[in-house]
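Predicted, not measured: the structure shown is a model, and the values here were computed from it.
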Amino acid sequence: MSADVHRMVVDRFEGDLAVVDVEGQMLDLPRWMLPEVTREGDVLRVSVSTQDDERLVAFRVSAEETHAAKEKARAALDRLRDRNLPGAG
């Protein structure tokens with residue numbers, strides 16, 4: 001059995017669809033495919049394994065990567081906000 005792991009980020013939910021970013025490409029997935037705890041902004045680790053003639057796909061929310069991505073975004077916003085303050089830089 002071989003296995004690959006991919007990364008995707010949940011951009012938003014639109015009804016029964018989850019819009020996810022996969023390497024810069026936006027993809028619509030049925031919401032039911034994702035773990036019930038999935039929220040907007042979550043980083044998902046997607047394991048794809050092949051056994052015989054079957055392909056198995058498993059989604060897992062990565063709390064560590066989600067936290068790191070949110071911190072990185074927050075820091076970028078803070079830098080932009082500081083740059084635009086009167087008297088700054």
Side-chain angles (χ1 to χ4, degrees):
M1 175 168 57
S2 63
D4 294 318
V5 178
H6 303 275
R7 181 181 187 271
M8 59 178 59
V9 180
V10 178
D11 184 68
R12 64 186 179 280
F13 293 107
E14 294 181 355
D16 292 336
L17 293 177
V19 181
V20 298
D21 181 335
V22 182
E23 298 177 8
Q25 297 289 321
M26 301 309 273
L27 178 67
D28 294 341
L29 294 176
R31 196 171 186 165
W32 61 262
M33 290 181 73
L34 306 180
E36 288 185 26
V37 298
T38 305
R39 302 286 178 255
E40 291 178 357
D42 280 350
V43 175
L44 300 173
R45 296 309 265 166
V46 184
S47 301
V48 181
S49 57
T50 305
Q51 184 174 11
D52 301 323
D53 289 333
E54 292 184 352
R55 182 169 285 169
L56 306 171
V57 180
F59 296 88
R60 178 181 65 83
V61 175
S62 173
E64 302 81 25
E65 289 181 84
T66 297
H67 178 74
K70 288 181 179 182
E71 285 298 314
K72 184 177 178 181
R74 184 174 296 120
L77 284 173
D78 288 346
R79 284 191 304 275
L80 285 172
R81 191 174 309 121
D82 290 346
R83 187 181 309 159
N84 291 321
L85 286 175

Report summary line: Separation between CG (Leu34) and CG (Asp42), nearest 0.5 Å, reads 9.5 Å
Would you give me the side-chain donor-acceptor pairs under 3.5 Å for residues 68-80, sequence neighbours excluded?
unit_1: Glu71; atom_1: OE2; unit_2: Arg74; atom_2: NH1; d: 2.5
unit_1: Asp78; atom_1: OD1; unit_2: Arg81; atom_2: NH1; d: 2.8

Query raised in the report: Could you state the interatomic distance from CD (Glu40) to CZ (Phe13), rounded to the nearest 0.5 Å?
Result: 6.5 Å
Report task. Apply side chain to side chain contact (heavy atoms under 4.5 Å, CB included) to Glu65 and list each qualifying residue two or more places apart in sequence or on a separate chain. Result -> Arg7, Val43, Arg45, Ser62
Requested in this report: Go through the steps for Val10 and Met8 under the test side chain to side chain contact (heavy atoms under 4.5 Å, CB included), then give the verdict.
Outcome: CA-CA 7 Å; Val10 178; Met8 59 178 59; over 6 Å; no
Query - 4.5 Å side-chain heavy-atom contact, Phe59 and Thr38 - result: no
Could you go through residues 16-25 and list every donor-acceptor pair under 3.5 Å that involves a side-chain atom there, pairing it with any protein atom two or more places apart or in another chain?
unit_1: Asp21; atom_1: OD1; unit_2: Gly24; atom_2: N; d: 2.8

Report summary line: Separation between CG (Leu29) and CG (Leu44), nearest 0.5 Å, reads 9.0 Å
Report summary line: All heavy atoms of Gly41 vs all of Thr66, minimum pair found to be O-CG2, 3.8 Å
Query - Arg55 CZ to Ser49 OG distance, which is reported to the nearest 0.5 Å - result: 9.5 Å
**Report entry** salt bridge (Lys or Arg N to Asp or Glu O under 4.0 Å) partners of Arg12, counting only residues at least two apart
**Finding:** Glu14
Query raised in the report: Above 12 or not: heavy atoms from other molecules or residues under 6.0 Å from NE2 of His67?
Result: no
Requested in this report: Report yes or no: do Val46 and Trp32 belong to one cluster of Ile/Leu/Val/Met/Phe/Trp/Tyr joined by side chain heavy-atom distances under 4.5 Å?
Outcome: yes
